[in-house]
Amino acid sequence: MAGIEECNVVENPRLVVRKFQARPQHEGDGAVVRRSIGRLEMKYFDPFLLLDEFSISAPAGFPDHPHRGFETVTYMLQGAVTHEDFAGHKGTIKAGDLQWMTAGRGIVHSEMPASDGTQRGLQLWVNLSSKHKMIEPKYQELQGKDVTKASKDGVEVRIIAGEALGIRSPVYTRTPTMYLDFTLKPKAHLQQPIPSAWNSFVYILEGEGVFGNLKSSPTMAHHILLLGPGDGLEAWNNSSKVLRFVVIGGKPLGEPMVQFGPFVMNTQEEIDQTIDDYQYCVNGFEKAKQWRSTAAIGLDF
């Protein structure tokens, strides 16, 4: 297993260059999200447009809405959400399940609670390069039992995208991306390589941990930590409780970005065209003309 050991050596650990707490705010129809990327303090962290830790209970949710020009990654932590779009795709993702949706040239969909109680998860928006913004919509979906997993020395990881502990996820990312869900038992230590040219960050879900430098102060749940340059992340769980966090990294696109709500293109002219396309139901939005989700129809009186 020497190859696995060698690939997990971090010689130049990334330090935390910025951190802040994601505070609750209202979004959608009665939903509550903790937004870290996509807020005033950090509108864009190339190639990432948004990260929400969402919490919804029926009848709240995210009713019919459009997207163009990027990908949405929905990772369920608790409960279940039903997704439905104007192309006839419908399914329910439960705790541990993943949906990687490429909106491409256009999707109109809804995301609504599928069970009682609180539905909780993460949604990440990943920008697409100009050559991929107008591709046909696509989906990659994995049930929790099929998500790649690995463990070693008190470290457990669910590999949503990319590689950890020598194991690689089968998920294809058009914008090169890593997405790792780590759980560290008390006193566990992690070294996770990250390509040196990539932007990366940590979002803490549970517990408290030390990141980047052993002398740093511990950081608690619902904080995002932007990582500086280096070849990987070091993290320590010096507490008596479990620490859970995601490590997300991606190759910057280095392209102009113009965003208008759920539309993300490279120029204002492309945004203006997108608004017209959506309004007149053309150029990728043809099916939006007559479509309403079953959740939306159920709200009719």
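As the structure is a computational prediction, the values presented were derived from the model and not from experiment.
In terms of modelled atom types and a separation under 3.5 Å, the side chain of Thr274 and the main chain of Glu270 share a donor-acceptor contact. In this structure a side-chain-to-backbone donor-acceptor pair under 3.5 Å is missing from Glu234 to Leu190. No side-chain donor-acceptor contact under 3.5 Å links Asp276 to the backbone of Gln273. Counting only distance, with no hydrogens or angles, the side chain of Arg68 and the backbone of Lys133 share no donor-acceptor pair below 3.5 Å. In this structure a side-chain-to-backbone donor-acceptor pair under 3.5 Å is missing from Ser55 to Arg120. No donor-acceptor distance shorter than 3.5 angstrom exists from the side chain of His132 to the backbone of Ser129, with no hydrogens or angles considered. A donor-acceptor pair under 3.5 Å is absent between the side-chain atoms of Asn237 and the main chain of Ala188, judged by distance alone. At least one donor-acceptor pair closer than 3.5 Å links the side chain of Gln119 to the backbone N or O of Ser115. In this structure a side-chain-to-backbone donor-acceptor pair under 3.5 Å is present from His65 to Pro63. In this structure, the side chain of Glu27 does not engage the main chain of Phe54 through any donor-acceptor pair within 3.5 Å.
Both Leu233 and Ile159 are members of a single hydrophobic cluster when ILVMFWY side chains are connected at heavy-atom separations under 4.5 Å. Linking Ile, Leu, Val, Met, Phe, Trp and Tyr residues whenever their side-chain heavy atoms come within less than 4.5 Å places Leu142 and Tyr179 in a single cluster. Under a hydrophobic clustering in which Ile, Leu, Val, Met, Phe, Trp and Tyr are joined whenever their side-chain heavy atoms come within less than 4.5 Å, directly or via other members, Leu180 and Leu122 fall into different clusters. Cluster annotation: Leu77 and Leu51 are assigned to the same hydrophobic cluster (Ile/Leu/Val/Met/Phe/Trp/Tyr, side-chain heavy-atom contacts under 4.5 Å, transitive).
Checking each of His222, Gln123, Arg35 against Glu53 for a side-chain hydrogen bond (donor to acceptor under 3.5 Å, both in side chains) leaves exactly one that passes, namely His222.
Two rings, from His83 and Tyr139, have their centers less than 6.0 Å apart. Taking the six-membered ring for Trp and the full ring otherwise, His67 and His109 have centroids separated by under 6.0 Å. Taking the six-membered ring for Trp, Phe48 and Phe201 have ring centres closer than 6.0 Å.
Defined by atom type and a distance below 3.5 Å, a donor-acceptor pair is present between the side-chain atoms of Arg14 and Ser200. Gln78 and Thr118 share no side-chain donor-acceptor pair at under 3.5 Å. A side-chain donor-acceptor contact under 3.5 Å links Arg174 and Thr102. Asp231 and Ser196 form no side-chain donor-acceptor contact under 3.5 Å, judged by distance and modelled atom types alone. In this model, a donor atom of one side chain and an acceptor atom of the other lie less than 3.5 Å apart for Trp100 and Glu71.
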Going by atom type alone, with no hydrogens or angles, which donor-acceptor pairs under 3.5 Å involve a side-chain atom of residues 244-253 and a protein atom two or more places apart or on another chain?
residue	atom	partner	partner atom	Å
Arg244	NE	Asp181	OD1	3.1
Arg244	NE	Asp181	OD2	3.4
Arg244	NH2	Asp181	OD2	2.6

Go through it in stages, so that I can follow the logic: the residues are Tyr44 and Asn127, the test is side-chain hydrogen bond (donor to acceptor under 3.5 Å, both in side chains), and I'd like the CA-CA distance, side-chain angles, deciding distance and then a yes or no. CA-CA 10 Å; Tyr44 184 46; Asn127 201 5; 3.0 Å; yes

Run the side-chain contact (heavy atoms from CB on, under 4.5 Å) check on Thr74 and Ile93 step by step: do they pass? CA-CA 9 Å; Thr74 305; Ile93 53 175; 3.5 Å; yes

Yes or no on side-chain contact (heavy atoms from CB on, under 4.5 Å) for Leu225 and Val17, after CA distance, side-chain angles and deciding distance? CA-CA 7 Å; Leu225 293 77; Val17 295; over 6 Å; no

Starting from the C-alpha separation in whole Å, work towards a yes-or-no answer on side-chain contact (heavy atoms from CB on, under 4.5 Å) for Leu205 and Leu243. CA-CA 8 Å; Leu205 295 170; Leu243 166 66; over 6 Å; no

After noting the C-alpha distance and the side-chain angles of Val126 and Phe70, does the key distance pass the side-chain contact (heavy atoms from CB on, under 4.5 Å) rule? CA-CA 6 Å; Val126 185; Phe70 60 96; over 6 Å; no

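Relative ring orientation between Phe263 and Phe260 is described as parallel, the plane-to-plane angle staying below 30° on a 0-90° scale split at 30° and 60°.
Here the straight-line distance linking atom CG of Leu124 with atom OG of Ser36 works out to 9.0 Å at 0.5 Å rounding. Of the inter-residue distances, the one linking Leu165 atom CG with Asp153 atom CG reads 9.0 Å to the nearest 0.5 angstrom.
You'll find the side chain of Ser110 stays beyond 4.5 Å of the side chain of Phe62, heavy atoms only.
In this structure, Glu255 has no salt bridge (charged side-chain N to carboxylate O under 4.0 Å, His left out) partners at least two apart in sequence or on a different chain.
A salt bridge is absent between Lys287 and Asp85; no separation between the charged side-chain nitrogens and carboxylate oxygens falls under 4.0 Å.
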